[in-house]
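Per chain, numbering begins at 1; letters A, B, ... match sequence-line order. Hydrogens, waters and symmetry mates play no part in the numbers below; they use all other heavy atoms, side chains included.
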Amino acid sequence: MVRLFLLICCLGVVMKVQCQEQQTKVETLLELSKTHDVISLTAETFKKYVVDQSRQYIIVVFFSSYMYKSQCPGCQALEPIFNEIAYSYKALGHTKPKDQNENKAKPVFFAFLDYGQETQIIYQKFGFSNIPNIYVSTKSFTEETTSYSIDRSKLWEYRDGQEITSNKILDFINKKTERDVTIQKSLLQTILPISIVLTILILIFALVYFIKHNFTSPKLWWFGCTIIYITCMAGVVYDIIHSSSLIGTNPQTGEDEFIAQGPRSQYILEGFLMSFLISLGSLGLILLNSTANYKNSWLMRLIGIFSIALILYSIYQVSFAYKNKVSWYTPSFDPPSHYKKGGLIADQGNSF
Amino acid sequence: MESGVKGLLENWSPVFRIIILAMICILSVLIRVFSVIRFESIIHEFDPWFNFRTTKYLTERGVYAFWDWFDAESWFPLGRAVGGTIYPGIMLTAGLIHSSLHTLGFPIDIRNVCVFLAPGFAALTSLAGYFLTKEVTGRSEAGLYAALFVGIVPSYISRSVAGSYDNEGVAIFALVFTFYLYIKSVNTGSLLWSAAASLSFFYMVAAWGGYAFIINIIPIFVVGSVLIGKFTTNLYVSYCSFYILGSLLAMQIPFVGTQVVTSSEHLASHAVFVFLQIYVLGDWIKERAGEAKFKFLIRFLVTGAVSVVVIASLYMTLSGKMKWSGRSMSLLDPTYAKKFIPIIASVSEHQPTTWSSFFFDLHFLTVFAPVGLYFCLMEHNPGKLFIAGYGVLAVYFACVMVRLLLVLAPAVCILSAIGLSETLHRFTRHIKNYKEWASYISSKPSDKKTKPEYGYPLELALVVIGLIGFMSVYYINHCVWVAAEAYSSPTVIMASKGYDGERRIIDDYREAYYWLRMNTAQDARIMSWWDYGYQITGFSNRTVMVDNNTWNNTHIATMGMIFGSNEEVAAKNLRKIDANYVLVIFGGLSYYSGDDINKFLWMIRIAAGVFPQIKEEDYLNRGQYRIDSGMTETMKNSLMYRLCYYRFGEVQGYNRGSGYDVVRNAEIGEKNIKLRQFSEVFTSEHWIVRIYKVLPEENRDTIKPKSTYASRNKEMKEVGLTKVNLS
């Protein structure tokens with residue numbers, strides 16, 4: 001009897017501990033989801049929150065990669081949609097624990113697992129050959145050496161050329177989590193487009209009003225021309241057609257890359273920066289010219305020196321960036337090395 | 001003594017000017033002959049081969065035969081009426097030079113005339129640049145700067161090195177010269193200059209399709225001038241006479257013909273002509289009717305006219321009476337080509353420009369040009385306004401298409417010249433007056449005379465001049481380097497460096513073309529991708545299916561379809577279009593990256609527009625274009641893949657497995673390719689060109705007497721179920 005009591009006590013303690021553990025798991029996730037709609041997972045936390053036993057919540061995992069995002073149109077398309085859905089779930093209060101025994105009422109969390117050296121084993125065990133993927137994990141599963149015992153019907157896998165729409169993804173997640181959530185937009189998101197349109201309209205009106213009164217002023221013409229010059233030199237059309245990103249990532253190191261390699265590609269920021277630098281040089285020259293009209297004074301000297309520095313800086317930076325960009329660009333005052341090799345006949349006149 | 005030297009220099013300055021100009025002209029010729037010195041006197045690239053072939057025809061058969069020439073060697077089986085579908089300017093120019101040299105007793109080969117035509121015209125362009133800038137600014141030093149810049153600007157060099165016998169080579173001269181004559185006519189209001197401008201415009205129309213740029217920019221300039229209140233009678237006279245004469249003359253070129261009236265590219269010129277007449281009429285009415293009545297009239301008329309014009313042009317464009325040609329459309333809406341015309345988007349020179357292309361092709365001129373723009377607008381006259389407008393429009397066009405950097409280049413050169421010469425002018429006068437200023441500073445305050453006009457610290461002025469000198473030197477250095485290294489390789493011949501640093505010439509193209517010339521029947525038809533059409537007809541004198549003219553999209557798509565289909569389908573189609581040989585370019589062995597495997601996706605895209613059975617995604621494995629074991633079945637079976645990699649699996653590379661493609665950096669997926677419908681007849685030394693013969697159709701299978709149908713038919717007859725067909 002005593003033994004039995006002890007056993008029950010022990011069991012109770014164990015269960016209590018387990019319960020507490022669960023409680024803490026839910027609570028930590030809840031805590032985390034307060035600040036982030038989508039929780040970032042590592043290999044360790046993935047095991048803890050997704051794989052391991054004893055839990056009373058649903059977790060939706062998004063498998064994608066930060067690093068290869070630029071080469072993966074699916075990842076680019078899915079990420080904002082996933083974030084939006086996560087936000088909607090949170091906004092409608094589905095992250096709050098209510099009744100932990102029914103799927104319908106379990107709290108739902110959204111997580112993101114980045115593809116990397118540590119996590120790639122998880123990807124392999126899921127059997128993914130492609131990203132992005134979504135897995136709705138309603139209950140824990142066991143881990144084997146090569147795979148997971150997962151419910152394949154709750155897995156959404158991306159196939160090439162597949163169209164990703166926010167409705168399809170939402171339907172999938174809704175079905176698997178057994179609820180009916182609609183996309184909620186944050187206040188900022190609803191206001192933003194309207195305010196942008198309004199500001200642009202106001203700016204246009206202001207511009208038209210301004211231009212109307214200064215239409216024949218050469219300064220205004222020059223200003224307009226310079227704007228066109230800068231935007232065109234930045235290669236906007238290239239950016240539009242190739243839909244380049246603001247800055248890129250280096251495929252080898254995964255770090256941010258500001259200057260695209262090779263003369264036939266560029267990032268948006270890079271183009272505008274360079275075109276702005278070039279115009280800065282011109283501005284220096286114009287400033288220099290304007291100093292020539294002043295009489296000898298300290299201000300003129302100062303502006304003169306400043307603008308010379310500006311020109312030097314601009315041409316140095318632009319040439320430097322270009323040399324970095326295009327590896328074979330090596331102009332020199334000497335003839336290139338391969339011009340001097342061999343006899344006259346062997347080199348077909350290169351020893352000129 | 002000093003004034004003597006100064007006077008002497010002043011007296012001799014015209015001579016110096018001529019000497020400097022002559023030196024600039026020589027420089028602009030010499031900078032373009034790197035290709036001849038380093039390779040040989042040969043025509044480059046693709047289009048020039050067609051121009052060369054037609055020029056040869058012209059010199060052999062005369063102008064009339066040339067005009068009526070129906071070329072059966074290209075676009076088999078359609079052929080091409082050459083006389084009516086080309087801009088004949090460059091051929092006629094070369095033919096004229098050739099015949100006049102022969103008359104004078106110089107027996108020069110037509111090939112050499114063609115090779116050196118573009119450098120010669122570059123010298124003329126720098127002269128035209130000098131005159132235009134001088135006309136605009138009234139200062140010859142700005143003109144000299146412009147001549148130097150125009151003569152050696154890399155973007156222009158790229159189209160006019162010796163051997164690059166293309167329309168653009170002469171057209172840029174015509175462009176700059178037309179602008180010069182037109183500005184001259186605006187400045188003087190003289191009918192003579194106007195007529196000269198339209199003649200020069202006529203030459204431009206004859207030479208290059210880019211004439212549309214002139215016929216649009218001049219009307220825009222005229223309208224702009226009127227809108228900012230700079231209307232003068234000179235402007236009116238010059239535009240009206242230029243417009244009438246120019247339009248009439250443009251119609252004389254068969255390829256342009258009635259397009260002058262129907263094409264939207266000319267619409268601006270007509271509209272502005274009408275607008276000018278109305279404007280003048282309005283002025284006259286205003287004089288007669290008084291201000292108040294006139295205002296009412298204007299308001300009424302303007303709203304009416306604007307709506308009528310808008311509706312009419314909308315209607316005509318929508319109903320298809322007036323067409324924007326694809327190339328012009330892609331200027332106005334940059335995404336148009338990508339969406340609708342893959343054949344235009346596939347050409348690399350139709351790609352939009354990145355900042356680095358601007359910098360590479362214009363270098364420090366990009367820094368100088370806004371300065372010139374500033375001075376053009378701040379101290380404006382009609383000429384300067386024109387240059388500024390030209391520059392701004394051209395910079396937009398250049399940003400849409402890489403090849404239009406060429407149109408931008410003269411504008412940027414002239415703007416830069418104006419900017420730099422203004423700067424130098426301001427700073428050199430400080431040096432000139434330095435002695436006067438110094439004596440003023442050092443003299444005692446009591447006996448101060450009038451203050452000299454210019455005073456500037458000498459050292460700063462020297463630094464500025466040094467800086468400009470430094471930048472100019474670097475610009476020249478860049479241009480020479482670019483001319484020598486980047487733009488002087490004649491495409492058909494390539495140079496590579498061996499392990500010992502020795503230069504080796506890769507001459508596969510000519511090897512293969514010569515093989516075709518010597519080993520195939522006179523009327524053999526060669527099928528290849530369109531890029532090589534002109535070269536095959538030019539080098540080998542054989543008939544091709546498609547060439548670089550690209551006027552028939554369907555025909556080109558057929559070629560793409562054949563390359564993308566499997567061997568049986570391809571052979572069937574090839575027999576249908578009566579091709580005897582198939583030529584492919586393959587760079588996987590010799591690291592030649594511009595080969596057909598790399599162009600293959602474009603072929604598929606172009607084919608997909610016409611043939612629904614060709615789908616781009618069939619050739620891509622999960623969005624990736626692969627030739628290794630991860631490729632798709634369709635890719636593996638495609639004719640292009642099989643012809644390029646036939647027997648490539650047997651090639652053992654250095655330190656690599658067999659069949660390693662060095663361009664794609666991958667081992668090929670199918671090493672054991674057996675061809676059933678083709679036989680390899682020629683592969684060049686470095687495997688760049690591979691030629692296959694289309695085998696004749698195999699003998700038919702022996703007819704089986706007991707085919708299912710026959711046997712069933714017999715059985716049914718026996719039972720009496722089939723009717724005997726009596727008719």
Side-chain angles (χ1 to χ4, degrees), chain A residues 73 130 160-161 215-216 218-219 221-222 225-226 228-229 232-238 240-241 263-266 270-271 274-275 278-279 281-283 285-286 288-289 292 295-296 300-301 304-305 308 311-312 314-315 318 322 325-326 329 331-333 336 338 341-342 346-350 352, chain B residues 37-40 228-229 334-335 338 351-360 364 366-371 373-374 377-378 380 388 391-392 395-396 398-400 419 422-423 426-427 430 437 451 455-457 460 463-464 467 471 477-478 481-482 484-485 497 501-503 505 617 620 622-623:
Chain A
N130 208 352
D160 261 308
F215 186 62
T216 49
K219 276 199 180 114
W221 302 342
W222 182 73
C225 289
T226 315
I228 294 174
Y229 189 80
C232 286
M233 191 140 309
V236 236
V237 178
Y238 178 91
I240 295 169
I241 286 191
R264 284 286 168 90
S265 62
Q266 69 168 20
E270 174 199 351
M274 287 306 149
S275 143
I278 288 172
S279 316
S282 330
L283 190 73
L285 264 172
I286 293 169
L288 202 60
N289 270 305
K295 294 285 180 289
N296 198 347
M300 174 201 64
R301 274 172 199 251
I305 290 167
I308 288 173
I311 297 165
L312 281 175
S314 142
I315 60 173
V318 174
Y322 191 79
K325 189 177 172 68
V326 185
Y329 178 69
S332 65
F333 284 96
H338 56 274
K341 173 88 184 150
D347 206 29
Q348 305 194 345
N350 294 327
F352 238 51
Chain B
I37 293 172
R38 283 182 57 70
F39 294 92
E40 57 191 277
I228 58 170
T335 53
K338 200 189 175 192
Q351 295 294 321
T353 319
T354 58
W355 77 269
S356 48
S357 302
F358 275 106
F359 187 70
F360 187 71
F364 286 155
T366 51
V367 177
F368 300 149
V371 186
L373 202 60
Y374 179 80
L377 293 172
M378 291 303 163
H380 57 251
V392 171
V395 85
Y396 169 70
C399 142
V400 177
E422 280 284 345
T423 315
R426 269 158 218 236
F427 283 91
H430 290 301
W437 178 258
K451 216 174 168 187
Y456 202 77
L460 209 55
V463 165
V464 170
L467 180 70
M471 287 170 88
N477 177 31
H478 170 87
W481 185 83
V482 167
E485 283 293 281
K497 230 193 278 184
E502 182 121 3
R503 188 157 166 268
I505 299 289
E617 57 266 25
L620 300 175
R622 294 168 184 274

OH-NZ distance between B/Tyr374 and A/Lys219, expressed to the nearest 0.5 angstrom: 6.0 Å

Nearest heavy atoms of B/Val367 and A/Gly281, plus distance in Å: CG1-C, 3.7 Å

Value rounded to 0.5 Å, distance of CG in B/Leu373 from CH2 in A/Trp222: 8.0 Å

Polar side-chain atom of B/Ser356 near backbone of A/Tyr322 as donor-acceptor pair, under 3.5 Å: no

Region of A/Ile311 in contact with chain B, defined by heavy-atom distances below 4.5 Å: side chain

Contact class of B/Phe359 relative to chain A, heavy atoms under 4.5 angstrom: side chain

Backbone N/O of B/Trp355 and side chain of A/Tyr238: donor-acceptor pair under 3.5 Å: no

Check: B/Thr366 and A/Tyr229 side chains under 4.5 Å, non-hydrogen atoms: yes

Heavy-atom closest pair, residues A/Cys225 and B/Val392: SG-CG2, 3.5 Å

Contacting region of A/Ser265 [heavy-atom separation from chain B under 4.5 Å]: backbone

Winner by heavy-atom pair count (cut-off under 4.5 Å) against chain B, out of A/Pro331, A/Gly235, A/Ser314: A/Pro331

Close side-chain approach of A/Met274 and B/Phe358, heavy atoms under 4.5 Å: no

Nearest-0.5 Å distance, CD1 of residue A/Ile315 to CE of residue B/Met471: 4.0 Å

pair B/Val463-A/Ile305: side-chain heavy atoms closer than 4.5 Å: no

Most contacts with chain A, counted as non-hydrogen pairs under 4.5 angstrom, among B/Leu620, B/Thr353, B/Leu377, B/Thr354: B/Thr354

Distance in Å, A/Leu288 CG paired with B/Phe427 CZ, rounded so as to fall on 0.5 Å steps: 4.0 Å

Intermediate values then yes/no, side chain to side chain contact (heavy atoms under 4.5 Å, CB included), A/Tyr329 and B/His478: CA-CA 10 Å; A/Tyr329 178 69; B/His478 170 87; 2.6 Å; yes

Heavy-atom donor-acceptor pair, A/Ser282 side chain to B/Phe368 backbone, under 3.5 Å: no

Rounded distance (nearest 0.5 Å) linking atom SG of B/Cys399 with atom CD1 of A/Ile228: 11.0 Å

